[in-house]
Amino acid sequence: MGRQLQTTVPGTGTQLVPKWDYLPSFSKSERVFKRKQASNYDSRHRTCLQSTLEDEEDVWVTTGEEKVKGQVRGQANTPRSYYVDIPSGQVRRNRSHLKTIPREQEKEDQDDSGSTGDIQDDDGSTGEIQDDDGSTGEIQDDDGSIGEIQDDDGSTGEIQDDDGSTGEIQD
């Protein structure tokens, strides 16, 4: 039966339960079928659970044809919706229209300003570079060794430490 009957004839709920001897196996196979159907739909449509966003988290907001950088202000009253501050004001967007900006990308955006940045050479040692005039500078690794850096064309270059280890840099 499995459906709500609409009748004016009075009856009790126990009268509407089917008296099949195979009811337990049928219910189990029906649950398995529905789970498989849901799984197939999810994989076909690339559905996935998205994480919740924290307040003041930086996100890319889809607004029509373009993407704008914004900052989450809080959850809206509707499910999976958030209030986001963008340069033109505050908007409410569904979670599917918000893409989180990884912390590394934010750091790269700040590094593109041209004054300071992190560098890692081939042996895994890291340090901080500060350009003197935009093309040459001095680097000091965490282990204390000092080397000279010079960009080839302003975007990439090679570094050699005093201890002989080399690495490639990219702006």
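The structure displayed is predicted, hence computed values, not measured ones.
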- Task: Report yes if some heavy atom in the side chain of Arg95 is under 4.5 Å from a heavy atom in the side chain of Thr52; otherwise report no.
- Result: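 No. Closest side-chain heavy atoms not under 4.5 Å.
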- Message: In terms of relative ring orientation, are Tyr22 and Trp20 parallel, tilted or perpendicular, with 30° and 60° separating the classes?
- Response: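 Judged by the thresholds at 30° and 60°, the geometry between Tyr22 and Trp20 is parallel.
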- For Gln71, side-chain hydrogen bond (donor to acceptor under 3.5 Å, both in side chains) partners two or more places apart: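 Here the qualifying residues are Arg73.
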- Message: Under the rule for side-chain hydrogen bond (donor to acceptor under 3.5 Å, both in side chains), what residues qualify as partners of Thr12, not counting sequence neighbours?
- Response: Thr14
- In this structure, CG of Asp42 is separated from CD of Gln37 (nearest 0.5 Å) by 11.0 Å
- Message: Using 0.5 Å steps for rounding, measure from the NZ atom of Lys28 to the CG atom of Leu23.
- Response: 14.0 Å
- Pair Arg93-Thr63, side-chain contact (heavy atoms from CB on, under 4.5 Å): steps then yes or no: CA-CA 9 Å; Arg93 288 288 182 269; Thr63 58; 3.7 Å; yes
Once side-chain contact (heavy atoms from CB on, under 4.5 Å) is applied, do any residues pair with [X], and if so which ones, sequence neighbours excluded?
| X | result |
| --- | --- |
| Ala76 | Thr78, Ser81, Tyr83, Arg92 |
| Arg46 | none |
| Gln6 | none |

- Query: Does any N or O in the side chain of Ser29 come within less than 3.5 Å of the main-chain N or O of Ser25, such that one atom is a donor and the other an acceptor?
  - Reply: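 Pair found, side chain donor or acceptor close to backbone of Ser25.
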- Query: What are the two closest heavy atoms between Glu57 and Glu54, and how far apart are they?
  - Reply: OE1-N, 3.0 Å
- Item | Thr100 versus Pro102, closest heavy-atom pair with distance |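 For Thr100 versus Pro102, the nearest heavy atoms are O-CD, 3.5 Å.
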- Message: Are there over 12 heavy-atom neighbours, none belonging to Lys67, within less than 6.0 Å of that residue's NZ?
- Response: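 No, the 6.0 Å shell around NZ holds no more than 12 heavy atoms from other groups.
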- Message: Apply the hydrophobic cluster definition, ILVMFWY joined by side-chain contacts under 4.5 Å directly or through others, and give me every member besides Val84.
- Response: Leu53, Val59, Val61, Val68, Val72, Tyr82, Ile86, Val91, Leu98
